[in-house]
Novice: 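Dumping the structure here so I can ask a few things about it.
Within every chain, numbering begins at 1; the chains are lettered A, B, ... in the order of the sequence lines, protein sequences first and strands thereafter.
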2 protein chains.
Amino acid sequence: MRIAELSRRTGVPIPTIKYYMREGLVPPGERTGPNQARYGEEHVRRLRLARALVEVGGLPVASARQALTLIFSSGISEFDVLGKAQYALTPPREHTEDDAWDEAAAQVDDLIARRGWQVKPGNPARRTLADALATLRRLGQDDYLDLLETYAETAESLADTEVRAISRRGDLHAMAEAIVIWTALGDPVLASLRRLAQEARAARVLGGTAEETA
Amino acid sequence: MRIAELSRRTGVPIPTIKYYMREGLVPPGERTGPNQARYGEEHVRRLRLARALVEVGGLPVASARQALTLIFSSGISEFDVLGKAQYALTPPREHTEDDAWDEAAAQVDDLIARRGWQVKPGNPARRTLADALATLRRLGQDDYLDLLETYAETAESLADTEVRAISRRGDLHAMAEAIVIWTALGDPVLASLRRLAQEARAARVLGGTAEETA
DNA sequence: TAATTATGGATAGCGACACTCTCTACTATC
DNA sequence: GATAGTAGAGAGTGTCGCTATCCATAATTA
């Protein structure tokens, strides 16, 4: 298949495909001449995946490349595919380390220990969480921090279901792909569901009706 | 207080404060001369909040403005503050309506009906969710869509806790503020916790150890 | 009081990012 | 043989979130 068909089948414009190839999200095609190359089904899948991570998952192109490289590389072990996926899918943030941040970081460590979670010290989610909790402190929302326990419990049961579902896939490659997809797209899914559930719950508790169109 | 102190107390650089004022995230100070103005505690709070929404919550400046305007406007009723907050906090996305999208939208409607949720037809989370589910379909991950039930259940219990916690705040203004903060910052908190829990669970199920530093 | 520094407001510029356009030397197809 | 498509590379574009500069004026300091 040539680039026009690749574009047609994925819905990605040709210039964008070329850009993604330059950025390494998609490998070059198999060369058949000075200005000719052939693309296969793997290109289609990989391009679709790239698009999903960037558009729906909201990942920076560089992070998407890392994740795609991970999936389509041979020689990964199932023991570190998840960790590596999380590294790739958590774009770096810069933060301010002040008192509130130190307290928040301690709170994160405490939570992880209390739940008996085994988490590598380098997991970037630690830092992201500490950032968010520190911000909540600075905004004077620390009286709500007991909600954190509920959040953690929720996350735990969710992760349990997810990991079990993923580990049922025998093929390591399919597993890696599913991990990346569900880690990246699970966030917006969960966020949307939370908003929908919030509105439904609020309608009940606060007595609002669902008729108003805001 | 003048702008230098405002900057010092919030940690936001003066040029950025000026930019935020231009963009309407923070109102102008009380004028006392041709080139003098006075700022108060509300400016401090509002600026801190703006910073949190943009930096940690990752909101576009325009969305943050909407949310802040909502919080600091008088004359909101508790019946629609949540709806309006959700509108403000869900940045618009463009999407492709194809077969997969139609199916996904139907799936969303079905889920909402099945759960007995009362959700306004215009809630932007409906569309975001349909987008994500359609993408999962296009990626051939629809065999995992039964996970959606778990996600929904999770979201429901979470929303329940959140709405009860928020409604305990008597003051309407404090309620509106808490809703905006927790809607925006809850997403990264939840996402981080999910990643941490995933790693912990994966270590157990897949037998990996937590010693490797990836 | 004179020099320095700060202020509010407006306009312009900057760097990152994700494309998008253009060009060239070819190749395929009608 | 004319037209359209192709790979690859470089430059250009639009948006976003700041950041720098400038000006007239006000406050602070020597």
Novice: Do A:R9 and A:M1 come close enough that some side-chain heavy atom pair is under 4.5 Å?
Specialist: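 Side chain of A:R9 against side chain of A:M1, heavy atoms only: contact under 4.5 Å found.
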Novice: So which heavy atom on A:A125 is nearest to which on B:R195, and how close?
Specialist: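 Scanning both residues, the minimum pair turns out to be CB-CB, 3.8 Å.
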Novice: In whole angstrom, give the distance that lies between atom CD of A:E55 and atom P of C:dC17.
Specialist: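 Computing the A:E55:CD to C:dC17:P distance gives 19 Å.
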Novice: Can you tell me how far C1' of C:dA16 sits from CD of A:E23, to the nearest Å?
Specialist: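 Rounded to the whole Å, the gap is 12 Å.
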Novice: Would you say B:Y39 places a side-chain N or O within less than 4.0 Å of OP1 or OP2 belonging to C:dG8?
Specialist: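 B:Y39 to C:dG8 OP1/OP2: side-chain N or O found under 4.0 Å.
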Novice: Answer yes or no: is there a side-chain heavy-atom contact under 4.5 Å between A:T16 and A:R51?
Specialist: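 Yes, side chains in contact.
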Novice: Please give, in whole Å, the distance from D:dG17 C1' to B:I17 CD1?
Specialist: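 Those two atoms, CD1 and C1', are 15 Å apart.
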Novice: If you take atom types as modelled and just measure distance, does the side chain of B:R22 reach the base of C:dG8 with a donor-acceptor pair under 3.5 Å?
Specialist: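 Not at all, since no donor on one side and acceptor on the other fall under 3.5 Å apart.
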Novice: C:dC19 C1' sits how many Å from A:L47 CG, rounded?
Specialist: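 The distance from CG of A:L47 to C1' of C:dC19 comes to 14 Å, rounded to the nearest Å.
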Novice: Mind checking if A:P28 touches a base, just sugar-phosphate, or nothing, with heavy atoms under 4.0 Å?
Specialist: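 Since no nucleic acid heavy atom lies under 4.0 Å of A:P28, the category is nothing.
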Novice: As a test of reading the structure: which of C:dC19, D:dT6, D:dA24 is closest to the side chain of B:N35, going by heavy atoms?
Specialist: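 The answer is D:dA24.
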Novice: Which is true for A:R51 with a 4.0 Å heavy-atom rule: it touches a base, it touches only sugar-phosphate, or it touches nothing?
Specialist: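 The residue A:R51 makes sugar-phosphate contact but no base contact.
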Novice: May I have the distance from A:R38 (atom CZ) to C:dA28 (atom C1'), rounded to whole angstrom?
Specialist: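 Rounded to the whole Å, the gap is 14 Å.
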Novice: For B:E30 and C:dG8, what is the distance between atoms CD and C1' respectively, to the nearest whole Å?
Specialist: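 These atoms are roughly 15 Å apart.
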Novice: If you assign each of B:Q36 and B:P13 to its closest nucleotide in DNA chain D, which residue comes earlier from the 5' end?
Specialist: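 Its nearest nucleotide being more 5', the pick is B:P13.
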Novice: Where each residue is assigned the nucleotide of DNA chain C containing its nearest heavy atom, which of A:P15 and B:G33 is assigned the position nearer the 5′ end?
Specialist: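 That would be B:G33.
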Novice: Indicate whether OP1 or OP2 belonging to D:dG8 is found under 4.0 Å from a side-chain N or O atom of A:R31.
Specialist: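 Checking A:R31 against D:dG8: at least one side-chain N or O falls below 4.0 Å of OP1 or OP2.
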Novice: Between D:dA7, D:dT28, D:dA26, which one does the side chain of B:R2 approach most closely?
Specialist: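 My answer, after comparing the listed nucleotides, is D:dT28.
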Novice: Classify B:P34 by what it touches in the nucleic acid, base, sugar-phosphate, or nothing, heavy-atom distance under 4.0 Å.
Specialist: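 Sugar-phosphate contact only.
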Novice: Do A:K18 side-chain and D:dA7 base share a donor-acceptor contact under 3.5 Å?
Specialist: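 In this structure, the two groups form a donor-acceptor pair.
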Novice: Distance alone, cut at 3.5 Å: any donor-acceptor contact between the side chains of B:E156 and B:W117?
Specialist: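 The criterion, which ignores hydrogens and geometry beyond distance, is satisfied for B:W117 and B:E156.
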Novice: Counting side-chain heavy atoms from C-beta on, which of C:dT27, D:dA24, D:dG17 comes nearest to B:Y19?
Specialist: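 The answer is D:dG17, which lies nearest to the side chain.
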Novice: From the set C:dG8, D:dC18, D:dT6, return the single nucleotide nearest to any side-chain atom of A:A4.
Specialist: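 When the side chain of A:A4 is considered, D:dT6 is the closest of C:dG8, D:dC18, D:dT6.
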Novice: Take atom CE of B:M21 and atom P of D:dT19, then tell me their distance rounded to the nearest Å.
Specialist: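 It works out to 16 Å between those atoms.
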Novice: Return the nearest nucleotide to the side chain of A:T16; candidates are C:dC21, C:dC19, D:dG5.
Specialist: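 Comparing C:dC21, C:dC19, D:dG5 against the side chain of A:T16, the answer is C:dC19.
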Novice: Check this one for me: any side-chain N or O of A:Y20 less than 4.0 Å away from OP1 or OP2 of C:dC19?
Specialist: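 So the side chain of A:Y20 is within the cut-off, an N or O lying under 4.0 Å from OP1 or OP2 of C:dC19.
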Novice: Checking the side chain of A:R38 only, and the main-chain atoms of A:T32 only, is there a donor and an acceptor separated by less than 3.5 Å?
Specialist: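 No.
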Novice: Whole-Å distance between C:dA18 C1' and B:R93 CZ?
Specialist: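 Interatomic distance, CZ of B:R93 to C1' of C:dA18: 15 Å.
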Novice: Could you check if a side-chain atom of B:P124 sits within less than 4.5 angstrom of a side-chain atom of B:R93, using non-hydrogen atoms only?
Specialist: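 A side-chain contact under 4.5 Å is absent here.
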